[in-house]
Amino acid sequence: MKQYFAFQWHITDECDQRCKHCYIFSEDNCKKLDAMSWEQMQETLYNCLDFCEVYGRLPYFYITGGDPILHPDFWRLLALIKEHEIPFTILGNPFHLTDEICRKLKSYGCQKYQLSLDGMKETHDWFRKSGSFDCTLEKINCIKKAGIRSVIMTTVSGTNIKEIPNIIDTVVAAKADVFAFARYCPTSEEKDTGIAPQEYRELLDICYQKFQKYEAAGCSTYFNKKDHLWTLYEYEKGIFKIPEDIQDGMIYGGCNCGNCHMTILPTGDVYACRRVQNSKVGNVLNDRLADIWICQMEQYRDYTKFEKCSKCELLAFCRGCPAVASGRDGNFYGADPQCWKEVI
């Protein structure tokens with residue numbers, strides 16, 4: 001059991017962009033923009049703290065939106081979080097960041113600020129909006145100067161998979177502190193990631209070689225192997241070995257869903273995973289999170305239901321991405337569409 005419990009908290013839908021792969025606007029660019037009131041945010045925070053007290057965990061907040069900085073009570077919330085000495089990361093846009101804003105974020109205890117790069121300039125700006133690529137690169141230094149760790153996250157799909165190696169070079173040149181990528185999760189069943197299993201394995205191989213080269217050269221960027229299929233890749237390469245003393249029924253890694261993560265939306269709706277569209281398990285404004293965790297969330301911890309992974313020796317360490325599987329056909333326990341391993 002991990003020491004920290006992560007709450008991905010969407011405080012508003014308000015945003016300067018309408019990204020083509022955004023979960024909020026993917027099906028309806030004209031949807032009503034929801035946002036929590038100040039009273040609701042206080043109620044949510046104390047519900048999260050109650051949960052952590054009950055289960056002996058430490059809270060960690062990923063404050064996001066939309067762009068959370070656009071919420072009128074954003075700074076008020078950060079002050080309350082600081083009062084309780086809770087560490088947090090901001091997942092947001094680059095457009096409203098200045099040296100002064102970044103210093104202010106640091107003063108409230110912000111540890112990391114995550115931005116996105118979803119392709120080289122033409123592709124990224126197509127996904128997001130014109131000027132976003134240049135602005136994102138510019139703000140990396142702004143974040144770092146304030147003493148906050150700069151994180152660059154890429155969503156990989158069939159549209160940009162060929163550009164990932166160049167994105168890595170770009171991120172390293174910009175001296176970002178952390179780089180990671182995860183796969184696009186379809187938001188409705190007629191959509192697809194557009195990536196074949198062997199194509200994805202080839203990407204991991206190319207990236208691994210790049211990571212090794214940069215690390216050997218003393219590169220300061222940390223390459224976070226976020227996608228759980230990295231475990232399968234490293235297992236096949238002999239880099240990861242299954243420990244001899246593992247206990248049956250124990251989970252040692254892989255997807256955090258059902259273990260140390262929940263998502264809270266501006267409406268108060270609680271999701272087991274934001275990337276799993278049908279994973280609503282309650283509402284933070286009506287339900288006690290501590291009760292949701294042992295009732296509605298239990299289904300996400302039934303590892304025997306994983307149709308492919310339950311037959312694999314890496315079950316306790318990998319399980320691919322159930323969100324990508326769910327995005328394909330609505331089946332959380334289905335096989336990861338990009339998993340290339342043959343399982344009998």
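Residues His228 and Asp336 have side chains that never bring a donor and an acceptor to within less than 3.5 angstrom of each other. Asp177 and Ser150 are linked by a side-chain donor-acceptor pair at a separation below 3.5 angstrom, with hydrogens and angles left out of the test. Side-chain atoms of Asp287 and Gln296 form no donor-acceptor pair, as typed in the model, at a separation below 3.5 Å. Glu43 and Asn47 are not linked by any side-chain donor-acceptor pair at a separation below 3.5 angstrom, with hydrogens and angles left out of the test.
For Lys112, the salt bridge (charged side-chain N to carboxylate O under 4.0 Å, His left out) criterion is met by no residue, not counting sequence neighbours.
A salt bridge links Arg288 with Asp50; the closest basic N to acidic carboxylate O contact falls under 4.0 Å. The existence of a salt bridge linking Lys121 and Asp134 is confirmed by a sub-4.0 Å separation between a basic side-chain nitrogen and an acidic carboxylate oxygen.
Note on ring orientation: taking the six-membered ring where Trp is involved, the planes of Phe223 and Phe179 are perpendicular (angle over 60°, cut-offs 30° and 60°). Below 30°, between 30° and 60°, or above 60°: for Phe181 and Tyr200 the angle between ring planes is above 60°, a perpendicular geometry. In this structure, Trp75 and Tyr108 have tilted ring planes: the angle between them lies in the 30° to 60° band.
Note that CG of Leu314 is 8.5 Å distant from CD of Glu236, once rounded to the nearest 0.5 Å. Note that NZ of Lys139 is 7.5 Å distant from CG of Asp99, once rounded to the nearest 0.5 Å. To the nearest 0.5 Å, atom CZ of residue Arg328 and atom OG of residue Ser326 are 10.0 Å apart.
In this structure, His261 has its ring center no closer than 6.0 Å to that of Tyr300.
Checked by atom type and distance alone, the side chain of Arg128 never pairs as donor or acceptor with a backbone atom of Asp118 at under 3.5 Å. Remark: side-chain polar atoms of Lys308 are paired, donor with acceptor, to backbone N or O of Lys341 under 3.5 angstrom. One N or O on the side chain of Arg319 and one on the backbone of Gly253 form a donor-acceptor pair closer than 3.5 Å.
Residues Cys321 and Arg275 meet the side-chain proximity criterion, which asks for heavy atoms closer than 4.5 Å. With a 4.5 Å cut-off on side-chain heavy atoms, Lys210 and Val172 do not count as touching.
Of the listed residues (Asn93, Ile90, Leu137, Ile152), just one forms a side chain to side chain contact (heavy atoms under 4.5 Å, CB included) with Leu115, and that residue is Ile152.
Counting side-chain heavy-atom gaps under 4.5 Å among Ile, Leu, Val, Met, Phe, Trp and Tyr, the cluster of Tyr4 also holds Leu58, Tyr60, Tyr62, Leu91.
There is no path of hydrophobic side-chain contacts, each under 4.5 Å, that joins Tyr214 to Val151.
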- Item | Arg301/Glu298 under salt bridge (charged side-chain N to carboxylate O under 4.0 Å, His left out): CA gap, chis, key distance, verdict | CA-CA 5 Å; Arg301 295 188 285 269; Glu298 186 62 29; 2.8 Å; yes
